[in-house]
Amino acid sequence: MSIQNKLKDLKDQKSYSIPAKRVLEHLKPILSKSNDLRQRWIWELLQNASDLGDNIKARFEITADKLKFSHNGKPFSLDEAYNLIMPDSTKDEEAAHKKSVIGQFGTGFISTHILSKVIQIEGIIEDEEQLYSFSFHLDRSERNDKDFLIESIKESEAEYRENLEELEELPEDEFQTSFTYQIENTYSSLKGQDTIDDGIKSFRELIPYVLTFRPQLTEVEVIDRRTSTTKLTFKRAEVENDIDDLIVIKTSCHKNDKHFEDKLIGNIIEEETEIAFPIEEVKENKFQLLSFPERCPRLFCAFPMIGTSEFNFPVLVHSEKFVPNRERDGIELTAFDEENRERLVEAKIAFKKLLEIVQDNEWTEAFNICRFTNPDIDDTETKKWFVKEIFNPIKDGIFNTNLIELDESLKLDKHRKSLSSVYIPYVDRRTKNKEEIVDKIYDFAYKVIGDRIPCKDHFLNWYEMLDFEIFESEKLDIEKLCETISAKGKLAEFANANSLTEDETVDYFIDLVEFIIEQEEEELLGKYNLLLNQSNVFAKIKGLKLDRIDHKGLKDRYNEKLKDIYNSLSNKECRENLLHKEFEKIDNLIEKDDKYDLKELVDIPLILTPLRQSKVTPLS
């Protein structure tokens with residue numbers, strides 16, 4: 001080989017080395033990141049399409065052996081198409097990172113190779129008002145071999161040049177750009193059909209939010225021809241409402257050209273940031289807040305940042321000004337990430353507006369926007385900022401806004417309260433049969449403090465949603481229940497105060513004590529007044545004895561007359577120390593030896609009150 005040829009080869013090697021290295025860097029973790037990429041590939045394709053204009057329509061066609069993605073975006077520039085072959089090859093790392101905030105056919109597109117090692121690309125280029133068609137393939141079969149990738153890039157580049165053909169006008173087919181994946185030709189351990197299924201599942205769950213945040217994407221079709229043909233068409237439309245600051249976006253789905261379902265997303269915009277939450281209209285301007293999809297990303301930068309499902313914010317946050325990390329699976333909030341901090345502060349303001357809307361318009365099921373946890377941030381300064389600027393204001397908003405719906409059957413002026421005014425039935429979530437236990441706590445609480453707990457239909461949702469490390473004082477566990485209803489005074493007073501008969505009250509406390517024993521919380525009986533004595537006064541268990549004053553030689557109810565005689569002679573009321581007879585139904589409440597019998601009753605020191613001076617009621 002001549003020195004000139006060697007120099008040419010060396011020049012080519014260096015020219016192609018950087019893009020090959022970038023491709024290799026993003027292909028290498030495909031297998032280790034496959035769980036995220038199985039959900040992400042579909043958004044990379046839609047992102048690239050929606051970057052190419054307004055009123056974008058896109059289509060996914062799935063057959064047994066391939067997936068074809070098409071869109072009607074405006075023609076590529078020469079550089080945009082070239083960048084698919086040599087991603088960000090002319091940019092340094094920092095510039096490339098900034099460029100990919102929304103997505104410009106760069107490194108994010110490489111992740112779609114999880115579908116196939118080879119991608120066939122066809123489209124239209126416009127250069128100096130002249131149109132050209134083009135086609136080329138990207139072969140990434142050897143994802144760990146830089147030399148292979150260099151040669152592959154050269155081949156794609158040559159194919160791109162050779163296949164450029166001048167056009168007189170745009171083709172009639174509105175879907176002029178397409179990406180075709182041979183889904184059986186994928187990397188080892190990956191299954192193309194499973195990857196497609198995961199992507200479509202993510203798409204169906206999140207497309208209403210994407211259409212909310214990305215209005216230039218107006219219609220998406222998914223045509224599945226793997227068994228019988230099924231076509232799903234998704235479109236967006238804004239729904240009118242009279243609530244200040246609220247935007248409602250409807251995503252309509254048609255199945256095989258027949259209306260299938262609608263989904264509504266509430267949207268509040270604050271400067272460069274917006275929040276979103278799923279809703280359903282109950283009546284005019286009154287909505288029910290719905291739950292988010294399982295493991296739903298909390299952050300969007302036009303499209304979902306897969307991997308942010310644990311980000312600590314109660315609703316979805318979107319901003320095209322977010323600066324994602326390099327992997328595009330989150331954002332940094334250090335003092336150097338001022339842009340991200342500003343966006344999150346705006347999201348907090350929007351969320352507080354949402355809380356006011358929910359309160360003022362009495363929206364239902366507010367627990368769905370109250371998932372919020374203690375911040376788990378390693379950097380001390382970042383955590384301090386987050387707690388002060390984001391965490392505390394949101395926590396206070398959730399705590400003090402009237403979000404809790406009370407039972408409508410209660411005779412109250414208002415049937416909504418703030419979390420600060422109610423309790424949530426609670427047991428450690430690791431407890432076996434936890435739902436059964438909190439359900440019993442709810443039933444006990446409802447009879448006596450029904451105006452201080454959520455309605456029956458909602459309390460389990462509040463229990464599951466709230467972080468009780470944050471809202472610890474709102475936990476109505478067994479002890480808090482006992483403390484709250486611990487009775488002071490007589491049976492009649494408690495019954496009257498809670499609109500119960502005396503018999504109902506006795507039965508209530510017997511059931512409660514049995515429940516306490518069942519939960520092995522017997523020590524609570526020594527801390528709170530939950531038992532009745534024979535004076536019909538509530539008492540702790542300490543000092544209470546079983547009544548064994550009956551004797552076979554006594555006529556009926558003479559035992560009560562003996563108690564009266566004892567009281568008259570000793571000036572002591574033994575009934576205060578005797579367990580109410582109805583409570584003896586409870587097994588093993590008091591030890592059998594801990595009793596008060598006839599012998600103890602009649603053993604009265606006469607020196608205390610001489611018999612001749614006492615006023616004794618005759619036995620008959």
Side-chain angles (χ1 to χ4, degrees), residues 30 34-50 52 55-73 108-109 111-123 137-138 173-187 189-212 214 217-237 250-263 265 278 293-297 303-304 306:
I30 271 186
S34 61
N35 286 339
D36 283 348
L37 294 180
R38 286 155 73 107
Q39 303 171 60
R40 180 174 157 183
W41 64 265
I42 198 164
W43 304 118
E44 293 293 347
L45 291 173
L46 284 173
Q47 179 171 303
N48 290 339
S50 65
L52 290 173
N55 299 315
I56 298 297
K57 296 180 181 181
R59 174 189 291 161
F60 294 90
E61 294 181 79
I62 309 164
T63 62
D65 60 350
K66 68 182 180 181
L67 177 140
K68 183 177 181 180
F69 171 69
S70 311
H71 64 77
N72 70 338
F109 173 74
S111 66
T112 67
H113 278 286
I114 192 172
L115 292 168
S116 174
K117 297 175 184 178
V118 179
I119 307 173
Q120 183 68 34
I121 301 172
E122 300 176 66
H137 75 281
L138 303 175
D173 184 1
E174 62 178 341
F175 295 102
Q176 299 149 3
T177 302
S178 68
F179 302 77
T180 304
Y181 297 80
Q182 300 296 328
I183 55 181
E184 297 305 319
N185 182 20
T186 187
Y187 299 105
S189 80
L190 297 177
K191 295 182 178 179
Q193 295 288 359
D194 291 347
T195 300
I196 286 178
D197 288 340
D198 286 348
I200 297 301
K201 181 176 183 291
S202 174
F203 168 84
R204 293 191 65 175
E205 290 176 342
L206 302 182
I207 190 61
Y209 303 100
V210 170
L211 293 179
T212 297
R214 201 71 165 157
L217 188 61
T218 57
E219 179 179 317
V220 184
E221 286 182 352
V222 179
I223 305 174
D224 192 340
R225 307 184 194 277
R226 285 178 288 185
T227 51
S228 59
T229 299
T230 302
K231 182 174 78 170
L232 299 176
T233 306
F234 299 83
K235 297 181 180 181
R236 85 184 297 277
K250 178 174 72 175
T251 295
S252 296
C253 175
H254 283 70
K255 185 175 182 178
N256 296 332
D257 298 322
K258 294 182 179 180
H259 183 263
F260 180 59
E261 65 178 359
D262 294 331
K263 291 190 176 180
I265 302 297
E294 187 177 0
R295 296 197 59 76
C296 177
F303 291 84
I306 302 298

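This structure is a prediction, so every number in the text was calculated from the model and none was measured. Residue numbers run from 1 in the order of the sequence given.
- Summarising the geometry of Thr233 relative to Glu221, their closest heavy-atom pair is OG1-CG, 3.8 Å, with the distance given to 0.1 Å.
- Tested against Trp43 for a side-chain contact (heavy atoms from CB on, under 4.5 Å), the candidates Asn48, Thr112, Ile306 yield a single pass: Ile306.
- Atom OG of Ser50 is separated from atom CG of Asn55 by 12.0 Å, given to the nearest 0.5 angstrom.
- Residues Ile196 and Arg226 have side chains in contact (heavy-atom distance under 4.5 Å, counting atoms from C-beta outward).
- Residues Gln193 and Thr63 come closest through the heavy atom pair NE2-O, 3.7 Å.
- The salt bridge (charged side-chain N to carboxylate O under 4.0 Å, His left out) test with Glu61 is passed by exactly one of Lys66, Arg225, Lys231: Arg225.
- Contact record, Ala64 with Ile183: O-CD1, 4.0 Å, taken as the closest heavy-atom pair.
- Exactly one residue among Ile114, Leu190, Thr195 makes a side-chain contact (heavy atoms from CB on, under 4.5 Å) with Leu37. That residue is Ile114.
- For Glu261, the CD atom sits in a packed shell: over 12 heavy atoms of surrounding residues, nucleotides or ligands are nearer than 6.0 Å.
- Gly192 and Thr186 make their closest contact through N-CG2, 4.2 Å (heavy atoms, listed as atom of the first residue, atom of the second, distance).
- The distance from the CD atom of Gln176 to the NE2 atom of His71 is 9.5 Å, given to the nearest 0.5 Å.
- Atom NZ of Lys191 sits about 12.0 Å away from atom CG of Asp198, to the nearest 0.5 Å.
- Thr251 places none of its side-chain heavy atoms less than 4.5 Å from the side chain of Asp262.
- For the atom pair Gln182 CD and Gln120 CD, the distance stands at 9.0 Å (nearest 0.5 Å).
- Looking at residues two or more places apart in sequence or on another chain, you find no ring-ring contact (aromatic ring centres under 6.0 Å, His included) involving Tyr187.
- Below 30°, between 30° and 60°, or above 60°: for Phe60 and Phe69 the angle between ring planes is between 30° and 60°, a tilted geometry.
- Residue Arg295 qualifies as open at atom CZ: its count of foreign heavy atoms under 6.0 Å is 12 or below.
- Interatomic distance, CZ of Phe234 versus OG1 of Thr218, reported as 14.0 Å (0.5 Å rounding).
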